[in-house]
Amino acid sequence: MIIPDFRISPRVDQVGIEERASRVTKRSIKKESKMNGLLLALNMIDLTTLEGKDTDGKVKQLCYKAQHLHDAYPGLPTVAAICVYPSMVKTAKQALGNSGVKVASVATAFPSGQAPRDVKIRDTKYAVANGADEVDMVISRGKFLMGEYNYVFDEIAAIKEACGDARLKVILETGELGSYDKVRRASDIAMYAGADFIKTSTGKISPAATLPVTLVMLEAIRDFYYVTGKMIAMKPAGGISKSKLALHYLVMLKEVLGEAWMNNEWFRFGASSLANDLLMQIVKEKTGLYQSKDYFSID
Amino acid sequence: MAKTVIKKSNIHISSNGMEKHIPEKRLEVLKTYKIYIGGQFPRTESGRYYVPVNKSGKKLANVCLSSRKDFRDAMESARGAFGGWSGRAAFNRGQILYRMAEMLEGRKAQFIDELIQQDSTAAQAEVEVNLAIDRLIYYAGWCDKYQQIFSAVNPVASSHFNFSVPEPTGVVAVIAPQNDSLLGLVSVIAPVIAGGNTCVVLGSFDKPLCCVTFAEVLNSSDLPGGVVNILTGKSSELASWFAEHMDVNAVVYCEKDEATQKMFKEKSAVNVKRVVLYDKVNWYSDAGQSPYFINDTQEIKTTWHPIENIGGGGSKY
Amino acid sequence: MAKTKNNTLKLQFDTTWNYAPAPESKSIASIKPRYELFINGEFVKPSSKKYFDTINPANEEKLSEVADANAADIDKAVKAARTAYDKVWSKMPAKERAKYIYRIARMMQERAREFAVIESLDGGKPIRESRDFDVPTAANHFFYYAGWADKLEYAFPNRTAVPLGVAGQIIPWNFPLLMAAWKVAPAIATGNTVVLKPAETTPLTALKLAEIIQEADLPPGVVNIITGAGATGAAIVNHPDIDKIAFTGSTDVGKIIQKAIAGTNKKATLELGGKAANIIFEDAPLDQAVEGVINGIFFNQGHVCCAGSRLYVQESVYKTVLRKLKDRLETLIVGDPLDKNTDIGAINSKQQLETIHKYIKIGQQEGAEMFQSSCALPGKGYFCRPTLFTNVAQSSRIAQEEIFGPVLTIQTFRTEDEVIEKANNTPFGLSAGVWTDKGSKIFNMTTKMRAGVVWANTYNKFDPTSPFGGYKESGYGREGGLHGLSAYVNLI
């Protein structure tokens, strides 16, 4: 693979990209499209808890929820994965058993990434050794903003190596990058360095995922695919808590990357409260009645 | 044709009385009135001439009776000069117009003389030449200002920077006022070129001397060749060629002749030329000059560009 | 970026998850079975007693029938306009004029959804465009010019602006309501009265506007709206008591009008055809450029005089741009104009569809390579797939003549110099587009384009404050903004 000069990554015009992103919000998703979209989105969720106060108990409850989203309606899909800190991986792995729900672990001194590389590698290896199927790393934004693209690239490559068979999600933390041009550049660096996923945000910084930022990244994935033939998965994370917004993301995915990406192997939502909103909408579609939160478990 | 007049010389009688009756005969050098195309003074390709006469019956000169082919050649020069002239700094165009005024001032006596030959009184001639000089100064000053008068920054609702500026329409074919042969000529040429256009101008048929001499002024005043091309000849013969030439962007016509006005409007449709009529303008009055004359041969161009909106109040990123 | 290794890679946009039909409700639109002429504040029968059908181009069904005005009706309308001008409108304090126009703007905003539905039914344009663009922009146009009515002394330094009198206005079928707004708003704001004729295939929203004008209590005769085809238009152009002709339409008709009014004192503004170049440099933000090209040519089915119908791509990015264009084309939805998800609606008329097909055939005969999206077309109605032609020469007819449909020609270029020459190599001069990340290049390009509207790193943007109009055979005069006022005043 020829590594391009990341300084000349394609430019992005802010007004143009935001126009295109807002165009996807004009798609009207009704009836069976809506139902199918809601179910698809549900199945794409990385159900997430990333708090200092996380405990085994909390994680176990979340893992149960991941497999039993709303048993009042049998036949609902599970979420795609549970996303936790490395210390919770073992608990999550046990709780999920062979349900098919994956365990994703953040690593590399999440969320700031401000740690020496060997610490990040050990962090990653620890998560994988405890059974993580997926690793969500953060890039060194400081180095990136200093223009040290090789450093960022090498670090991602090193973490990828440490991941072994686990799939690597590279979090760009787009809210700290400052422009769409830089989001595009960071996406290119991550993909060429070996990312399996590129992911917008840690959820700890505002703004987190937005439609235009995701569009920039999806377009980067598309360009990378045409150049290398390799598919990269996408994960917008943070700030996606409403069904309508999730459907906008699916529209975007459909119109930028198409069928091959329209499943949870290639697209995820990093979210904690989206699942319940989707469930409420699904039930509303089925019953025709607007729903109350009291009828949906909060885990 | 100005007749060769051998003036009766004074008879000098020398002190010794030996030299008697030696006439100081000097043959006056007559000017050939040629047309002005691309900074050169060719004769008409047609080889045709006409001889205008003034009211007292005096033949003024042999003057080129320009043909449609002269017009075609002049158009080619004008089009060729357009890119350079319109691309010049406005300030520089102003300096050149000012230089034209300087040159005209320097040859004031000649113009007065020609106007007198063409039936003006000395007083009228002097007024006309002075006004012509001042008119050039007036438009010299406008060269880098009219844009500011006729431009706008448009506050569009979307996140775009949007502005409209005047740009020259291109090549303008002008039939100059037939009566005010110098002031009219200057008054129609100046706004056209101040605005960055180039032009082909047909001067006054009956009073053609000044337009040819004015070409000499142009030629000595840093104005690039081809920016102004001056023909002499018959409006009735050339007007329809002006109107129908596919590379003319605008025509200017200054007479009240309704048939010709109609012809211009009608035939100009062939390529949607702009038709500008100045049949009610008194070139001697203040109303004979204004930036609106410049505007008449301008196009408004509107440019859009996105404005990035990241950071600060209202940051969207 | 490294060169594409694998040309067989293809994205699949025909996905299992699809958009269900999402039609906008028609119930909001009340369309009468028959419309009369709006003259002197009243709806009156045409003296010919004739009516013609207006149909929905998406299903070829009749929507209504409208009156066919003849010269006698025009005369009546002009007389009404003249009387209104002499007795009322030119004498009314400007600030009062303004308030009437504001009132019209507000009423249009209130009835926006109804206007949008009717516009899409009658003209075939997608509801997304009529709802989000045509109708709001039309209302905004009235709002903008209303404010000018009592501020004209600030518009023209050292001059006094006086109205012209009666304006005859003839508008096309591509933006029926918006064009009516572009014509009527500045004319009446500056104190003129008008006789407006909408196109024969799209008269309904103009007639709805007449209803609003009536409801707004605008003095009778200030705005008269009459319907008919070419002969009706000719009767307006030739009426001796009209002071001003404002026309938007084809260059051919524009030339006929210029000739027809040659012997008169009528002033004219003409907004005619175009064949705009849209130029992509290698350093452009390519994805936004591609989106701009898509908006440039497929907006309103390509029925846009300023459509970016000639694409010039710098050779070094040609393959990438073409691939991106094709991918984007595949995601465009052609179909029911009233469906909120439709990107490309119905071609306005059978005749226009035939014209477009004729050019597509010409393109193929000229040896250009055609690409069309694979989307399904509805069985009824006039539809055309979005179409690209590559391998196009500058001398190809499809690259020279205005097609007025969703057909894009693509050519490559190497240098700035070359593309400037090619872009300007046309009798038209309405608009142009430039895509590059380099500021100084933008200004060079936008300055060199011989066109009245130049979009840099964007395309097909419109705003009431922004003047619009062409160079060369694209017409003369400007509509919109401060400059749009000049078309309707004499300066003394």
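Given the structure is predicted, the values throughout are model-derived calculations rather than measurements. Letters A, B, ... mirror the listed sequences (proteins, then strands); counts begin at 1.
By the ring pair (Phe, Tyr, Trp, His ring centres under 6.0 Å) test, C/Y19 is found to be paired with C/W17, residues two or more places apart in sequence or in another chain being considered.
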Next on the checklist: Evaluate A/R222 against C/D287 for salt bridge (charged side-chain N to carboxylate O under 4.0 Å, His left out), listing each step before the verdict.
Outcome noted: CA-CA 11 Å; A/R222 184 185 56 191; C/D287 285 303; 2.5 Å; yes
Next on the checklist: Working note: A/R27 + C/I333, criterion side chain to side chain contact (heavy atoms under 4.5 Å, CB included); need CA distance, chi angles, decisive distance, verdict.
Outcome noted: CA-CA 11 Å; A/R27 292 291 190 213; C/I333 299 169; 3.7 Å; yes
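Of all heavy-atom pairs between A/G229 and C/L9, the closest is CA-CD1, 3.5 Å. Residues A/Y226 and C/R323 share a closest heavy-atom pair of CD1-NE, 3.0 Å. The shortest heavy-atom contact between A/S28 and C/N341 is N-OD1, 2.6 Å. Residues A/R11 and C/Q288 come closest through the heavy atom pair O-OE1, 3.9 Å.
If you measure heavy-atom distances from A/L250 to chain C, the contacts under 4.5 Å come from both the backbone and the side chain. For a residue to count as touching a neighbouring chain, one of its non-hydrogen atoms must lie under 4.5 Å from one of that chain's; by this rule C/D339 does not touch chain A. Proximity to chain C is absent for every atom of A/F6, based on heavy atoms less than 4.5 angstrom apart. With a 4.5 angstrom heavy-atom cutoff, C/Q12 touches chain A via backbone and side-chain atoms both. Of the two parts of A/V251, the backbone and the side chain both hold a non-hydrogen atom closer than 4.5 Å to a non-hydrogen atom of chain C.
A/D13 is not listed as a side-chain neighbour of C/W435, based on a closest heavy-atom distance of 4.5 Å or more. The shortest side-chain heavy-atom distance between C/K324 and A/D223 falls under the 4.5 Å cut-off.
Ranked by non-hydrogen atom pairs under 4.5 Å with chain C, the options A/K26, A/K31, A/E255 are led by A/E255. In terms of non-hydrogen atom pairs under 4.5 Å with chain C, the most contact-rich of A/K30, A/E19, A/K34, A/E219 is A/E219.
In this structure, OG1 on C/T15 lies 11.5 Å from CG on A/L257, to the nearest 0.5 angstrom. In this structure, the separation between CD on A/Q14 and CG on C/N457 is 12.5 Å, given to the nearest 0.5 Å.
Applying the 6.0 Å contact sphere to NZ of A/K230 captures more than 12 heavy atoms from other residues, nucleotides or ligands. At most 12 heavy atoms of other shown residues, nucleotides or ligands fall within 6.0 angstrom of atom NZ in A/K182. The number of heavy-atom neighbours closer than 6.0 Å to CZ of C/F443, taken from other residues, nucleotides and ligands shown, is 12 or below. Few gaps surround CD on C/E315; more than 12 heavy atoms of other groups in view lie less than 6.0 Å from it.
Inspection of non-hydrogen atoms places C/R131, C/D132 of residues 129-137 of chain C under 4.5 Å from chain A.
Of the N and O atoms on the side chains of C/N18 and A/K254, at least one donor lies less than 3.5 Å from an acceptor on the other residue.
With hydrogens and angles ignored, the 3.5 Å screen pairs a side-chain donor or acceptor of A/E259 with a backbone N or O of C/T16.
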